[in-house]
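Scope of the values below: all heavy atoms of this structure, side chains included, with no hydrogens, waters or symmetry mates. Note on naming: letters A, B, ... go to the chains in the order of the sequence lines (proteins, then strands), and numbering restarts at 1 for each one.
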Amino acid sequence: MQNFTDVDDKIINRAREEGDDPIKLAEHYIHEYFIDADALGINRADIHPRVSEHIPQIIAVIEGLIAKGYAYEVDGDVYFRVKSFPEYGKLSGRSLDDMLAGARVEIDERKEAPVDFALWKQAKPGEPYWGSPWGAGRPGWHIECSVMSTQYLGETFDIHGGGADLIFPHHENEIAQAEAYTGKPFVNYWMHNGFITVNSEKMSKSLGNFFILRDILARFPQDVVRYYLIATHYRSPLDFDDGKLEEARKALGRLKTTMLLAEEFLGGTEFRTTAVVEAELITRGMELQEKFIGAMDDDFNSAKALGYLFELSHQINAFIAGADYNRETDKAILGQAVEIFHNLGGVLGIFMDTKTVGQHRVDDVLSIILDMRDGARQDKNYALADSLRDFLNHHHIKVEDKANGSQVRYEKAPEIDEILNFLSALRQNFKVNKEYERADRLREELKNAGVTLKDTKEGVRWKIVDT
RNA sequence: GGGCGGGUGGCGAAGAGGCUAACGCUGUGGUCUGCAAAAUCACCAUUCACCGGUUCGAAUCCGGUCCCGCCCUCCA
């Protein structure tokens with residue numbers, strides 16, 4: 001489950017600035033969050049509870065805490081009595097003395113102790129509020145997480161996640177509230193992720209700056225961003241900058257090339273083979289799979305797991321380099337190995353299909369054809385010029401020759417795949433006729449347009465470089 | 001000031017007492033190619049911020065020093 005705190009000071013203040021309703025504003029941000037999370041291939045949780053929908057349960061828990069002597073009311077506010085919970089500080093490794101020594105904020109004199117924190121806050125004018133035994137008000141921070149998580153997951157649950165900056169006081173307070181209330185351990189394992197920064201500037205779920213992610217997604221493919229996130233252990237800090245993302249793009253490209261090479265070798269995208277074959281490659285693949293699983297089992301060490309995936313990539317590439325694609329056993333061996341490779345990549349979710357990303361390149365590529373045609377016409381190579389126009393016409397692209405040059409018109413953008421297949425074939429022709437200058441120039445221009453061509457023994461392959 | 005975490009090759013990043021200190025990027029040389037690209041093969045840290053200590057053995061444990069990050073608020 002993943003809960004949303006849709007009632008808190010920041011949201012209320014922001015709503016006031018924008019003259020909006022706080023709950024609606026929170027709704028808006030939740031919606032925006034999902035757009036980015038979906039783009040990164042993050043699965044939705046089964047449950048997404050919100051504070052505003054759990055006020056009665058929260059009030060009930062606060063009443064329970066007061067009844068047990070763990071909390072007290074002062075003028076419509078309710079505070080947690082920290083000294084009544086001796087284990088306070090066990091998560092963050094702090095003692096009450098440390099905290100009193102470090103107190104650097106003016107103390108609210110109404111509280112019994114400076115470290116006591118709010119469970120319920122009396123409503124100020126203009127704030128959203130709900131009725132309670134202590135008057136109109138709203139939940140303090142912290143309490144909503146304890147209440148909602150234990151409601152859906154039970155009084156003790158296995159894993160609680162969150163940013164390392166939340167260890168104190170948020171998670172510490174959650175433990176105090178929940179364990180004081182239930183008398184049972186709250187959480188078995190805490191997973192605290194390191195800070196994410198962008199150009200060394202801190203990013204958090206707080207309102208305001210998580211949209212930076214959207215800027216990054218606008219410039220880099222989703223799977224590259226996802227790869228980059230996974231290539232570092234979750235507890236380590238992570239900094240986004242273009243250079244590092246560029247490096248991630250290349251690294252992931254290496255993995256994807258393996259998939260591509262295998263598809264070509266097998267002549268399709270269906271990897272599964274029925275024949276079980278004994279082979280060195282399979283043995284290595286199974287070993288690496290074991291190691292991969294071991295790494296993931298050991299505190300989600302995705303960085304280490306990726307290392308094994310690269311090793312498997314090497315093994316597969318090397319096998320392909322020395323294999324014969326007319327031999328069925330080679331295909332069977334490769335099929336099994338690639339299936340392992342594909343499955344493990346699927347665990348990390350890094351083999352997203354981003355095929356459509358290159359479509360916007362279509363105009364650049366069309367202008368290359370047009371330039372080539374103009375050149376051919378000037379050389380009076382009308383056979384070539386006309387064949388180019390025929391191709392375009394065939395795809396419902398009109399060519400108009402005007403005094404100051406030619407231009408294309410189309411109603412529906414043609415599939416870039418078809419155009420590139422055509423150009424690849426065209427270049428093959430040039431090569432067969434030993435017109436290397438033409439062939440090289442075409443390759444060069446395509447490269448400038450973000451399309452790389454490669455000659456392989458199976459034929460020409462093109463690839464769009466994502467931007 | 002106090003608490004927590006961290007400093008590993010040109011860069012990114014695993015490793016947490018004993019296999020050649022993973023893996024990726026970059027770089028160098030060879031194979032392949034008309035030339036490329038991709039792929040492939042080989043090479044690139046006697047050393048893990050610094051100084052001591054424990055141990056047969058330390059990047060990993062202990063003490064100290066120097067840097068860096070986060071937290072210390074009724075901010076989710």
Rounded to whole angstroms, how far apart are [atom1] on [X] and [atom2] on [N]?
X: A/L91; N: B/rC72; atom1: CG; atom2: P; result: 14 Å
X: A/L344; N: B/rC23; atom1: CG; atom2: C1'; result: 15 Å
X: A/F117; N: B/rC75; atom1: CZ; atom2: P; result: 10 Å
X: A/I316; N: B/rA38; atom1: CD1; atom2: C1'; result: 16 Å
X: A/L261; N: B/rA38; atom1: CG; atom2: P; result: 12 Å
X: A/N317; N: B/rU40; atom1: CG; atom2: C1'; result: 9 Å
X: A/W190; N: B/rG5; atom1: CH2; atom2: P; result: 17 Å
X: A/K291; N: B/rA22; atom1: NZ; atom2: P; result: 12 Å

Report, as yes or no, whether the 6.0 Å neighbourhood of atom CG on A/D46 holds more than 12 heavy atoms from other residues, nucleotides or ligands.
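No.
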Answer yes or no: does a side-chain N or O of [X] lie under 4.0 Å from OP1 or OP2 of [N]?
X: A/R254; N: B/rA37; result: no
X: A/S236; N: B/rA14; result: yes
X: A/H314; N: B/rG24; result: yes
X: A/N173; N: B/rC74; result: no
X: A/H142; N: B/rC75; result: yes
X: A/K304; N: B/rA13; result: no

With [atom1] as the reference atom in both, quote the distance from [N] to [M] in angstrom, rounded to an integer.
N: B/rA14; M: B/rC75; atom1: C1'; answer: 35 Å
N: B/rU60; M: B/rA16; atom1: C1'; answer: 5 Å
N: B/rA21; M: B/rG9; atom1: P; answer: 15 Å
N: B/rA13; M: B/rU55; atom1: C1'; answer: 30 Å
N: B/rG57; M: B/rU40; atom1: C1'; answer: 39 Å
N: B/rC19; M: B/rA58; atom1: P; answer: 11 Å
N: B/rC11; M: B/rG7; atom1: P; answer: 15 Å
N: B/rC71; M: B/rG64; atom1: C1'; answer: 25 Å

Classify the nucleic acid contact of [X] as base, sugar-phosphate or nothing, counting any heavy atom under 4.0 Å across all strands shown.
X: A/L260; answer: nothing
X: A/D6; answer: nothing
X: A/E311; answer: sugar-phosphate
X: A/R441; answer: nothing
X: A/K431; answer: base
X: A/L453; answer: base
X: A/Y436; answer: base
X: A/R443; answer: base
X: A/A318; answer: sugar-phosphate
X: A/K250; answer: sugar-phosphate

Looking only at the side chain of [X] (C-beta and beyond, no hydrogens), which of the listed nucleotides [options] gets closest?
X: A/Y79; options: B/rG2, B/rC25, B/rC74; answer: B/rC74
X: A/D9; options: B/rC72, B/rU40, B/rC74; answer: B/rC74
X: A/E247; options: B/rG24, B/rG3, B/rA14; answer: B/rG24
X: A/R427; options: B/rC74, B/rG34, B/rA39; answer: B/rG34
X: A/T257; options: B/rC71, B/rA38, B/rA14; answer: B/rA38

Under 4.5 Å between any side-chain heavy atoms of A/L446 and A/L420, yes or no?
yes
Do A/Y228 and A/F220 touch side chain to side chain, with heavy atoms closer than 4.5 Å?
no
Under 6.0 Å from the ring centre and within 45 degrees of the ring axis: does the NZ or CZ of A/K83 meet both conditions for the six-membered ring of A/Y88?
no
Proximity of A/F186 and A/F157 rings by center, below 6.0 Å:
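Yes, the ring centres sit under 6.0 Å apart.
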The residue, A/A305 or A/S92, whose nearest nucleotide of RNA chain B is more 5′ is A/S92
Closer to the 5' end of RNA chain B via nearest nucleotide, is it A/R235 or A/A164?
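First, find each residue's nearest nucleotide; the 5'-ward one identifies A/R235.
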Nearest heavy-atom pair of A/P49 and A/Y152: which atoms, and what distance?
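That closest heavy-atom pairing would be CB-CE1, 3.6 Å.
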Distance-minimising heavy-atom pair for A/H48 and A/F4:
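The pair with the smallest heavy-atom distance is CD2-CE1, 3.6 Å.
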Can you tell whether the side chains of A/E246 and A/R249 come within less than 4.0 Å, N to carboxylate O?
yes
